[in-house]
Amino acid sequence: MLPTPFAEQVLDLVATIPAGRVLTYGDVAERLGSRAPRAVGTALARFGGGAPWWRVVRAGGLLPPGHEVRAAELLRAEGIAVIRSANGPRVDLENYRWRSAG
DNA sequence: AAGCTGACTCGCT
DNA sequence: GAGCGAGCCAGCT
């Protein structure tokens, strides 16, 4: 399967996220002028292999379902503190959320 | 063309 | 703070 144009946009943007910073699915979608965070997740699920998918987290800083452990390790390796909560591991968006345009 | 599914999000309890 | 339900968009069958 070839990446859809939307998926390519997602991968391209995710690739620009600096190490030590994170973005939410909603942020990625919004930066692409879209309102489909779910499509962002799908794109990373299918084609995220070559992109820093762990820098994309759910709203509230929650890690991607089914990839919490893997993402937590990679994030910690970049200096991002992963906090454990009942609903899953999460990062502090206030401190690590990436803002390239303010 | 119509319907189903999904690495989501927001509002309420 | 944590759990449940409805809403939205893009892709696939």
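Proteins get letters first, then strands, A, B, ... in listed order; numbering begins at 1 in each.
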Would you jot down, in residue-number order, the residues of residues 76-89 of chain A having a non-hydrogen atom under 4.0 Å from DNA chain C? Ala86(A), Asn87(A)
State the CZ-OG1 distance between Arg31(A) and Thr16(A), to the nearest 0.5 angstrom. 7.5 Å
Give me the distances for all protein-to-nucleotides 9-13 of chain B N/O pairs that come in under 3.5 Å?
from, atom 1, to, atom 2, distance (Å)
dT9(B), OP1, Tyr25(A), N, 3.4
dT9(B), OP1, Gly26(A), N, 3.1
dT9(B), OP1, Ala59(A), N, 3.3
dT9(B), OP2, Ala59(A), N, 2.7

Sequence-distant partners of Thr24(A), side chain to side chain contact (heavy atoms under 4.5 Å, CB included), two or more places apart: Asp27(A), Val57(A), Leu93(A), Arg97(A)
Heavy-atom pair of closest approach, residues Tyr96(A) and Ala81(A): OH-N, 3.4 Å
Residue-level proximity of residues 2-15 of chain A to DNA chain B when a heavy atom falls under 4.0 Å: none
By side chain to side chain contact (heavy atoms under 4.5 Å, CB included), which residues pair with Ala19(A), not counting sequence neighbours? Arg55(A), Glu78(A)
Taking C-beta and beyond as the side chain, do Val28(A) and Pro37(A) meet within less than 4.5 Å on heavy atoms? no
Please list, chain by chain and in numerical order, all residues satisfying side chain to side chain contact (heavy atoms under 4.5 Å, CB included) with Arg46(A), sequence neighbours excluded. Met1(A), Thr42(A)
Can you give the donor-acceptor pairs under 3.5 Å from side chains of residues 62-76 of chain A to other protein atoms, not counting sequence neighbours?
from, atom 1, to, atom 2, distance (Å)
Glu68(A), OE1, Gly66(A), N, 3.1
Glu68(A), OE2, Gly66(A), N, 3.2
Arg76(A), NH2, Val82(A), O, 3.0

Donor-acceptor pairs under 3.5 Å, side chain of residues 2-11 of chain A to any protein atom, not counting sequence neighbours: which ones?
from, atom 1, to, atom 2, distance (Å)
Thr4(A), OG1, Ala7(A), N, 3.0

Drop me the distance from Trp53(A)'s CH2 to Ile17(A)'s CD1, to the nearest 0.5 angstrom. 12.5 Å
Using heavy atoms and a sub-4.0 Å distance, could you list which residues of residues 66-75 of chain A are near DNA chain C? By number, please. none
Within residues 43-52 of chain A, which residues have any heavy atom lying less than 4.0 Å from an atom of DNA chain C? none
Check Trp98(A) against Leu23(A) and note the closest heavy-atom contact, atom names and distance. O-CD1, 3.1 Å
Enumerate all atom pairs, one protein N or O and one N or O from nucleotides 2-6 of chain B, separated by less than 3.5 Å.
from, atom 1, to, atom 2, distance (Å)
dG6(B), N9, Arg38(A), NH2, 3.1

Leading and trailing nucleotides of DNA chain C with any atom under 4.0 Å from heavy atoms of chain A: dG1(C) to dC12(C)
